[in-house]
Protein chains: 2
Amino acid sequence: MKQIRLFKADFFKTLSNPIRIAIIDSLRNGELGVNDLAAVVEADQAYISQQLSILKAKNLVKFRKEGNFVYYSITDQDIFILLDEALRIAKKQLTTLQDSLK
Amino acid sequence: MKQIRLFKADFFKTLSNPIRIAIIDSLRNGELGVNDLAAVVEADQAYISQQLSILKAKNLVKFRKEGNFVYYSITDQDIFILLDEALRIAKKQLTTLQDSLK
DNA sequence: AATGTATATAACTATATTATTATATTATAC
DNA sequence: GTATAATATAATAATATAGTTATATACATT
């Protein structure tokens, strides 16, 4: 039980950083190189690399090397179900909150 | 776009703490008082209160007061869809990882 | 071999989070 | 009103994370 909670919390922690969310979102339509990601996500190359290595460690992304380039992609597309569901719930709660303020 | 990412990341951050996960999970079957939660979750009362106030601020739990007691409950049951889906995905990835080690 | 480009890692500072302890608040019971 | 119980808040130390800068590695091209 305690183990499972640690495990869940740790999983969510991986998703709790805006740059990591941006990286995952950017990979929705397929693989991208590190520099492309840095451009799309608008963050430093070094920081992107650091976050990619966290996502890699948590098995959320995979990569393939091609010459000088490293292309990253999503390990399991189901992660987008989670992201979309989270957004839906969060939005719903926000709406409820707004309504209650009227 | 950036706003939405910050929003999502922030939402996941709320779920990235094992005590907060434990609190939410403990409220699956209905409301509980703070002391009950402290007992179930096996954490200090003060720490439970702190985490409850974070969950309250993020609108994930609501409460009602009855005399000396404060009973907390889940704002939107859909949060369990998210928790269960997260666990499913994480488990799946773990299984894939284990298989690939054979 | 020397240079350039893509990516990764290391070192580091600032800030945030965790978890504990002490104390305050609020309501009840006597 | 005083003591007691439930909960909340404040203060704080330890640790983790964020984000920047500098440097290293690895491959490609000339």
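The analysis underlying the following values was restricted to heavy atoms, covering all of them including side chains, and did not include hydrogens, waters or symmetry mates. We name chains A, B, ... by the order of the sequence lines, and we start the count at 1 in each one.
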K.L.:
Just the rounded figure in Å: distance from C1' of C/dA6 to CG of A/Leu32.
P.N.:
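Atom CG in A/Leu32 sits about 15 Å away from atom C1' in C/dA6.
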K.L.:
Should B/Phe12 and B/Ile4 be counted in the same cluster of Ile, Leu, Val, Met, Phe, Trp and Tyr side chains packed under 4.5 Å apart?
P.N.:
no
K.L.:
Base, sugar-phosphate, or nothing for A/Tyr71, non-hydrogen atoms under 4.0 angstrom?
P.N.:
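Touches nothing.
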K.L.:
Let me check the geometry of the helix from C/dA1-D/dT30 to C/dC30-D/dG1. What is the bend angle between the axes at its two ends, five pairs each, to 10°?
P.N.:
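End-to-end axis angle: 10°.
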K.L.:
Is B/Tyr47 reachable from B/Ile23 through a run of I, L, V, M, F, W or Y residues, each pair having side-chain heavy atoms under 4.5 Å apart?
P.N.:
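Yes, B/Ile23 and B/Tyr47 fall within the same hydrophobic cluster.
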K.L.:
Measure across B/Leu87 and A/Phe7 and return the closest heavy-atom pair with its distance rounded to 0.1 Å.
P.N.:
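Smallest interatomic distance, heavy atoms only, reads CD1-CD2, 4.1 Å.
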K.L.:
Using the heavy-atom set of chain A and a strict 4.0 Å cut-off, write down the first and last nucleotide of DNA chain D that makes it in, 5' to 3'.
P.N.:
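Nucleotide range in contact with chain A: D/dT17 to D/dA28.
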K.L.:
Mapping A/Gly67 and B/Val34 to their closest nucleotides on DNA chain D, which lands nearer the 5' end?
P.N.:
B/Val34
K.L.:
Write down the atom of A/Ser26, the atom of A/Leu32, and the distance for their closest heavy-atom approach.
P.N.:
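The pair with the smallest heavy-atom distance is O-CD1, 3.6 Å.
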K.L.:
Among residues at least two apart in sequence or on other chains, which ones pass side-chain hydrogen bond (donor to acceptor under 3.5 Å, both in side chains) with A/Ser73?
P.N.:
none
K.L.:
Going by side-chain contact (heavy atoms from CB on, under 4.5 Å), name the residues that satisfy it together with B/Gln3, two or more places apart in sequence or in a different chain.
P.N.:
B/Leu6
K.L.:
What's the shortest heavy-atom distance between A/Val61 and A/Leu27, and which atoms?
P.N.:
CG1-CD1, 4.1 Å
K.L.:
May I have the distance from A/Leu52 (atom CG) to C/dT7 (atom P), rounded to whole angstrom?
P.N.:
10 Å
K.L.:
Give a yes or no on whether B/Ile81 and A/Phe80 share a hydrophobic cluster (residues Ile, Leu, Val, Met, Phe, Trp, Tyr; joining criterion: side-chain heavy atoms under 4.5 Å apart).
P.N.:
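Looking at the clustering, A/Phe80 is in a separate group from B/Ile81.
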K.L.:
Find which nucleotide of DNA chain C each of B/Ile54 and A/Asn35 is nearest to by heavy atoms, and output the residue with the more 5' nucleotide.
P.N.:
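It is A/Asn35 whose nearest nucleotide is closer to the 5' end.
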K.L.:
Just how far, in rounded Å, is P of C/dT7 from CD of A/Glu66?
P.N.:
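Those two atoms, CD and P, are 11 Å apart.
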K.L.:
Is it true that B/Asp25 and B/Arg20 make a salt bridge, defined as a side-chain N closer than 4.0 Å to a carboxylate O?
P.N.:
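No salt bridge links B/Asp25 with B/Arg20.
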K.L.:
Write down the distance between CD (A/Gln51) and P (C/dT7), rounded to a whole number of angstrom.
P.N.:
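One finds 16 Å between P of C/dT7 and CD of A/Gln51, rounded.
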K.L.:
Under 3.5 Å, which N/O atoms of the protein pair with N/O atoms of nucleotides 20-26 of chain C?
P.N.:
{"unit_1": "C/dT20", "atom_1": "O4", "unit_2": "B/Gln50", "atom_2": "NE2", "d": "2.8"}

K.L.:
Taking the six-membered ring of A/Tyr71, is the NZ or CZ of A/Lys65 close enough (under 6.0 Å from the centre) and on axis enough (within 45°)?
P.N.:
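The answer is no, since A/Lys65 fails at least one limit relative to A/Tyr71.
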K.L.:
Cluster question for you: counting only ILVMFWY and a side-chain heavy-atom cut-off of under 4.5 Å, with indirect links fine, are B/Phe69 and B/Leu37 together?
P.N.:
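No, no single cluster joins them.
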K.L.:
May I ask you to say what B/Phe63 touches in the nucleic acid, namely base, sugar-phosphate or nothing, with a heavy-atom cut-off under 4.0 Å?
P.N.:
nothing
K.L.:
Nearest heavy-atom pair of A/Ala9 and B/Asn17: which atoms, and what distance?
P.N.:
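The answer is CB-C, 3.7 Å.
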K.L.:
Strictly below 4.0 Å, heavy-atom distances to any atom of DNA chain C: list the hits from residues 3-21 of chain B, or just say none.
P.N.:
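Listed by number, they are B/Lys13, B/Asn17, B/Arg20.
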K.L.:
Heavy-atom count check: over 12 atoms from other residues, nucleotides or ligands less than 6.0 Å from B/Lys91 NZ?
P.N.:
no
